[in-house]
Amino acid sequence: MSFVEYSDCIQDGDVAIVYLNHNSVMPVKVQHGAQTQTRYGVIRHSSDLIGQRYGSKVTCSKGGWVYVLHPTPELWTVALPHRTQILYTTDIATITMMLELKPGSVVCESGTGSGSLSHAILRTIAPTGHLHTVEFHQQRAEKVQEEFTEHRVAHLVTVRNQDVCKDGFGVSGVADAVFLDIPSPWEAVGHARAAMKRQGGRLCSFSPCIEQVQRTCQALVDQGFEEISTLEVLLRVHDVRTVSLPLPDFGPDSRTETSPNHAAISLKTTTAPREMPGHTGYLTFATKPRT
Ligand SMILES: C[S@@+](CC[C@H](N)C(=O)[O-])C[C@H]1O[C@@H](n2cnc3c(N)ncnc32)[C@H](O)[C@@H]1O
């Protein structure tokens, strides 16, 4: 098992994702002799997990069942232990596309936080890219390093425990893309520029408040970035429902003298929610031109 390579069967030492229902998934470190308690009863790792195929339905001791899934960055995002606010897949998908990430990309990120975005970046840039991620909170930096090792992606990432606004990313002239998710990104824009390749690259900054965006955009202009644009990604989930619509009434038919038609038809359609309490943050993108 690795977050960047698929395996068929569950092995001792893997991190598997136990799916209880759509709103409840949990990561499990698979170990010979260990047990995991769920609301459906106990899962015994040696007999229930090791050697089974990923995707199997496993019956727990109380008779209820769960699915055991191969980890992916998307499942990790909904299962990971939170140490901070995290980015979710709707924003992550847009960030990946707009930063033009691909296998082989070199990326700088700060702060690492709980590593939600980092895992998605690693899957995209594998097998030849590298992520330099900077986190100034020591325990968070250590915990995420431990997780990268358990998820077998540590060879693709360097974690630095330092203040990105004071000390930068620890590399210069190597990054194709930079991502910032810190309270004062404008203080890190100069370091971001220094970390990027001479031939240019893309930058993204995530901020919940528009005042942060304004200060970041000003810093981007001052540092010579171009194509600066800010967007917000809102997910609109449509409800499928059956509606009844009256057939159009064009008046009496003069030839047959029949009365107007008051019939209705019933059909399936979708409706968007009237309100979307979906604000996560603003994504500001910019391009560093070739120097
Ligand atoms: C909101 S979290 C990042 C979440 C992350 N994007 C994820 O998806 O899990 C912000 C992180 O930035 C770190 N941070 C804030 N200011 C920083 C700085 N100047 N240098 C390095 N890390 C910083 C915080 O300690 C925190 O862990």
Side-chain angles (χ1 to χ4, degrees), residues 3 15 17 25 27 71-99 101 107-125 131-148 150-151 153-154 156-172 175 177-195 202-209 211-213 215-216 219 223 231-233 235 278-285:
F3 270 56
V15 173
I17 306 290
V25 289
T72 63
E74 290 75 16
L75 286 170
W76 184 244
T77 287
V78 291
L80 63 80
H82 282 218
R83 280 87 70 179
T84 61
Q85 292 271 35
I86 64 163
L87 287 172
Y88 289 92
T89 299
T90 315
D91 284 319
I92 291 174
T94 305
I95 293 164
T96 305
M97 176 185 70
M98 298 287 279
L99 286 183
L101 302 187
V107 183
C108 288
E109 175 198 32
S110 186
T112 321
S114 305
S116 170
L117 174 69
S118 317
H119 281 80
I121 293 175
L122 290 170
R123 192 257 315 269
T124 304
I125 66 173
L131 173 65
H132 298 272
T133 187
V134 174
E135 170 58 59
F136 72 1
H137 188 284
Q138 193 186 341
Q139 282 86 6
R140 285 181 203 150
E142 287 169 0
K143 181 69 187 156
V144 83
Q145 178 69 67
E146 200 182 291
E147 288 171 350
F148 290 143
E150 280 172 5
H151 302 164
V153 290
L156 295 167
V157 53
T158 304
V159 182
R160 290 187 176 84
N161 177 211
Q162 60 196 38
D163 182 341
V164 74
C165 299
K166 282 203 202 120
D167 307 316
F169 291 92
V171 286
S172 65
V178 173
F179 178 80
L180 299 171
D181 181 3
I182 54 172
S184 49
W186 55 90
E187 292 179 11
V189 166
H191 293 298
R193 187 187 159 87
R202 295 279 287 161
L203 176 144
C204 175
S205 175
F206 175 93
S207 292
C209 305
E211 293 79 3
Q212 292 169 300
V213 174
R215 294 187 71 169
T216 306
Q223 287 289 337
L231 57 88
E232 180 185 19
V233 189
L235 186 66
H279 177 74
T280 54
Y282 301 103
L283 293 170
T284 298
F285 293 94

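We count ligands from 1, going down the list as the structure has it; atoms in each ligand are counted the same way. The figures that follow rest on heavy atoms only: side chains count, while hydrogens, waters and symmetry mates do not.
A salt bridge is absent between R83 and E135: the closest approach of a Lys/Arg side-chain nitrogen to an acidic carboxylate oxygen does not fall below 4.0 angstrom.
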Which pairs would a plain distance check flag for residues 84-92, meaning a side-chain donor or acceptor within less than 3.5 Å of a matching protein atom at least two apart in sequence or in another chain?
unit_1	atom_1	unit_2	atom_2	d
T84	OG1	S114	N	3.3
T84	OG1	S114	OG	2.9
D91	OD2	T280	OG1	2.7

Table please: side-chain donor-acceptor pairs of residues 186-193 below 3.5 Å, with sequence neighbours left out.
unit_1	atom_1	unit_2	atom_2	d
H191	NE2	C165	O	3.0
R193	NH1	Q223	O	2.6

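Qualifying ring pair (Phe, Tyr, Trp, His ring centres under 6.0 Å) partners for Y282, counting only residues two or more places apart in sequence or in other chains: H279.
Test Q139, Q145, Q138 against E142 for side-chain hydrogen bond (donor to acceptor under 3.5 Å, both in side chains) and you get one pass: Q138.
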Could you list each nitrogen or oxygen of ligand 1 that sits under 3.5 Å from a protein nitrogen or oxygen, with the atom names and the distance?
unit_1	atom_1	unit_2	atom_2	d
ligand 1	6 (N)	D181	OD2	2.9
ligand 1	8 (O)	L87	N	3.1
ligand 1	8 (O)	L117	N	3.2
ligand 1	9 (O)	S114	N	3.2
ligand 1	9 (O)	G115	N	3.3
ligand 1	9 (O)	S116	N	3.2
ligand 1	19 (N)	D163	OD1	2.8
ligand 1	20 (N)	V164	N	3.0
ligand 1	22 (N)	F136	N	3.2
ligand 1	25 (O)	E135	OE2	2.6
ligand 1	25 (O)	R140	NH1	2.8
ligand 1	27 (O)	E135	OE1	2.7
ligand 1	27 (O)	E135	OE2	3.2
ligand 1	27 (O)	R140	NH1	2.9

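Between the side chains of S118 and T112, no donor N or O sits under 3.5 Å from an acceptor N or O.
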